[in-house]
Amino acid sequence: MDHESLLNIAAELGYQLMFSGAEIYRVEESVTRLLLAYGVAEPQVFAIPNCLIISLTTPAGQSITRMIRIPSHGTDIELLERCNALCRSLCKSPLPLPQARGQVDKLRTQRRSYRPRQVLAGYFIATAFFTPLFGGGFWDGLAAGLCGLAVGWCVIFGRRLLGSNNFVRTIAASLAGALGALLLVLLGLGRDVDTITIGVFMVLVPGIALTNAMREIMAGDIISGLTRAAEAILTGAAIALGAALALALWRSGMGGAG
């Protein structure tokens, strides 16, 4: 058996699992089960949110290792389900390595992507429908949807202007959303600026990251859990900073106008 090819297949599957936002225990268990299914004895798999290390020993006693850095990513439930289904299939009925490699490569080539206007429509709908949950009316929901477009624009296109720093882009997105809510209420489109702002900020709240962090800490993956928790806390801080900056700019502008 070509253990180099097998290691590359396992590394690619682990990468796609990590990129989809899978929990650390799921990544390590899936890669380990795949290697065991192909006859590898005692494979070693270690993962943290931005790095995956896989090591195995060949029957000849040679140890080979792969380390992959995972870039910044979100959560892709569809990709996660496809990765899980493929892993289970390969563990149950291992394919020849060339065929298995082809199946794993399809995970990358068949990854679904959406046009910016589709993503912006999602931001509009999400923020518009969050607002009534906090007591907002129709016009509050419409105002929140428009603010959601501003937030979505910052998230999608902010990388070109602000770079890849997610903390800075979150500040910019919350700043745009809060200023938009204040402006629309002033123009009479919305009525309750607090309700509109909360509805807008819901699309920025790192709920999945915080949930996964607590789950991983309780499962014993302390490093991964603390890393995700720190990321969630920083995102929350960025939202608060953006809102505070928006209020400061608004008050200074209104004071100057008065």
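Here, residue 1 is the first one in the sequence, and each next residue gets the next number.
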- prompt: Among the clusters formed by ILVMFWY side chains lying less than 4.5 Å apart, do Leu7 and Met67 turn up in the same one?
  reply: no
- prompt: Can you hop from Val27 to Ile53 via hydrophobic side chains spaced under 4.5 Å?
  reply: no
task: Determine the minimum heavy-atom distance between Ala100 and Ile9, stating which atoms define it.
output: CB-CD1, 4.1 Å
message: Within the supplied structure, the quantity of interest is the number of heavy atoms (other residues, nucleotides, ligands) at a distance under 6.0 Å from Met214 CE; does it exceed 12?
response: yes
- prompt: What's the shortest heavy-atom distance between Ile222 and Ile217, and which atoms?
  reply: CD1-O, 3.7 Å
query: Do Leu107 and Leu13 come close enough that some side-chain heavy atom pair is under 4.5 Å?
result: yes
query: At what distance, to the nearest 0.5 angstrom, does CG of Leu80 lie from CE of Met18?
result: 12.5 Å
query: Quick one: CG on Leu95 to CZ on Arg101, what's the gap to the nearest 0.5 Å?
result: 14.0 Å
- request: Please name all residues satisfying side chain to side chain contact (heavy atoms under 4.5 Å, CB included) with Tyr25, sequence neighbours left out, ordered by chain then number.
  value: Glu23, Glu29, Arg215, Asp221
- request: Determine yes or no for a side-chain-to-main-chain donor-acceptor pair under 3.5 angstrom, with Glu216 supplying the side chain and Ile24 the backbone.
  value: yes
- request: Please confirm whether the backbone N or O of Ala248 pairs with a side-chain atom of Ser252, one donor and one acceptor, at under 3.5 Å?
  value: yes
- prompt: Would you say Ile208 has more than 12 foreign heavy atoms packed within less than 6.0 Å of its CD1?
  reply: no
message: Minimum heavy-atom separation for Ile70 and Pro49, please, with both atom names.
response: CB-O, 3.8 Å
- request: Could you list the residues that satisfy side chain to side chain contact (heavy atoms under 4.5 Å, CB included) with Ala150, not counting sequence neighbours?
  value: Ala176
message: Is the shortest side-chain heavy-atom distance between Leu36 and Pro43 below 4.5 Å?
response: yes
query: Checking Thr131 side chain against Thr127 main chain: does a donor-acceptor pair fall under 3.5 Å?
result: yes
query: Is Asp140 reaching over with its side chain to a backbone N or O of Gly137, donor-acceptor style, under 3.5 angstrom?
result: yes
task: Could you state whether Trp250 and Leu184 fall into the same hydrophobic cluster, counting links through intermediate Ile, Leu, Val, Met, Phe, Trp or Tyr residues with side-chain heavy atoms under 4.5 angstrom apart?
output: yes
query: How close do Ala144 and Val200 get, heavy atom to heavy atom, and via which atoms?
result: O-CG2, 3.7 Å
query: Any side-chain heavy atom of His3 within less than 4.5 Å of one from Leu56?
result: yes
message: I'd like to know whether CZ of Arg66 has more than 12 heavy-atom contacts from other residues, nucleotides or ligands below 6.0 angstrom.
response: yes
- prompt: Please walk me through it: do Val119 and Val155 pass side-chain contact (heavy atoms from CB on, under 4.5 Å)?
  reply: CA-CA 10 Å; Val119 179; Val155 172; over 6 Å; no
message: Under a plain distance cut-off of 3.5 Å, with no hydrogens placed, do Gln16 and Glu12 share a side-chain donor-acceptor pair?
response: yes
query: Counting N and O atoms only, with roles assigned by atom type, does the side chain of Thr57 sit under 3.5 Å from a partner on the main chain of Gly61, one being a donor and the other an acceptor?
result: no
field: Distance in Å, Cys83 SG paired with Asp76 CG, rounded so as to fall on 0.5 Å steps
entry: 8.5 Å
- prompt: Is Ser20 reaching over with its side chain to a backbone N or O of Leu17, donor-acceptor style, under 3.5 angstrom?
  reply: yes
query: Does Leu142 belong to the same Ile/Leu/Val/Met/Phe/Trp/Tyr cluster as Val203, with side-chain heavy atoms less than 4.5 Å apart forming each link?
result: yes
With Ala10 via side chain to side chain contact (heavy atoms under 4.5 Å, CB included) - residues at least two apart: Val31, Leu34, Leu35, Ile54
task: Report yes if the side chains of Glu81 and Ile77 come closer than 4.5 Å at any heavy-atom pair, otherwise no.
output: yes
- prompt: Would a 4.5 Å heavy-atom cut-off, applied to side chains only, mark Ser63 and Ser55 as touching?
  reply: yes
query: Does Phe167 reach the side chain of Thr170, with side-chain heavy atoms less than 4.5 Å apart?
result: no
Distance (rounded to the nearest 0.5 Å) between Thr58 OG1 and Leu6 CG: 11.5 Å
message: How long is the straight-line distance from CG of Leu179 back to SG of Cys147, given to the nearest 0.5 Å?
response: 9.5 Å
query: Would you say Ile156 and Leu146 are hydrophobically clustered, going by side-chain heavy atoms of ILVMFWY under 4.5 Å?
result: yes
Within-4.5 Å side-chain heavy-atom neighbours: Glu231 and Pro206: no
message: Quick check: closest heavy atoms across Tyr15 and Leu52, and the distance to 0.1 Å?
response: N-CD2, 3.9 Å
query: Looking at Ala246 and Ala178, what are the two nearest heavy atoms and their distance?
result: CB-CB, 3.5 Å
message: So does Leu97 get a backbone contact from the side chain of Tyr38, meaning a donor-acceptor N/O pair under 3.5 Å?
response: no
- prompt: Can you find a heavy atom in the side chain of Ile198 that is under 4.5 Å from one in the side chain of Phe130?
  reply: no
query: Take atom CD1 in Ile223; do more than 12 heavy atoms of anything else shown fall under 6.0 Å from it?
result: no
- prompt: Does atom CD of Glu42 have more than 12 heavy-atom neighbours from other groups under 6.0 Å away?
  reply: no
Stepwise side-chain contact (heavy atoms from CB on, under 4.5 Å) check, Leu247 with Leu182: CA-CA 9 Å; Leu247 288 173; Leu182 291 165; 4.2 Å; yes
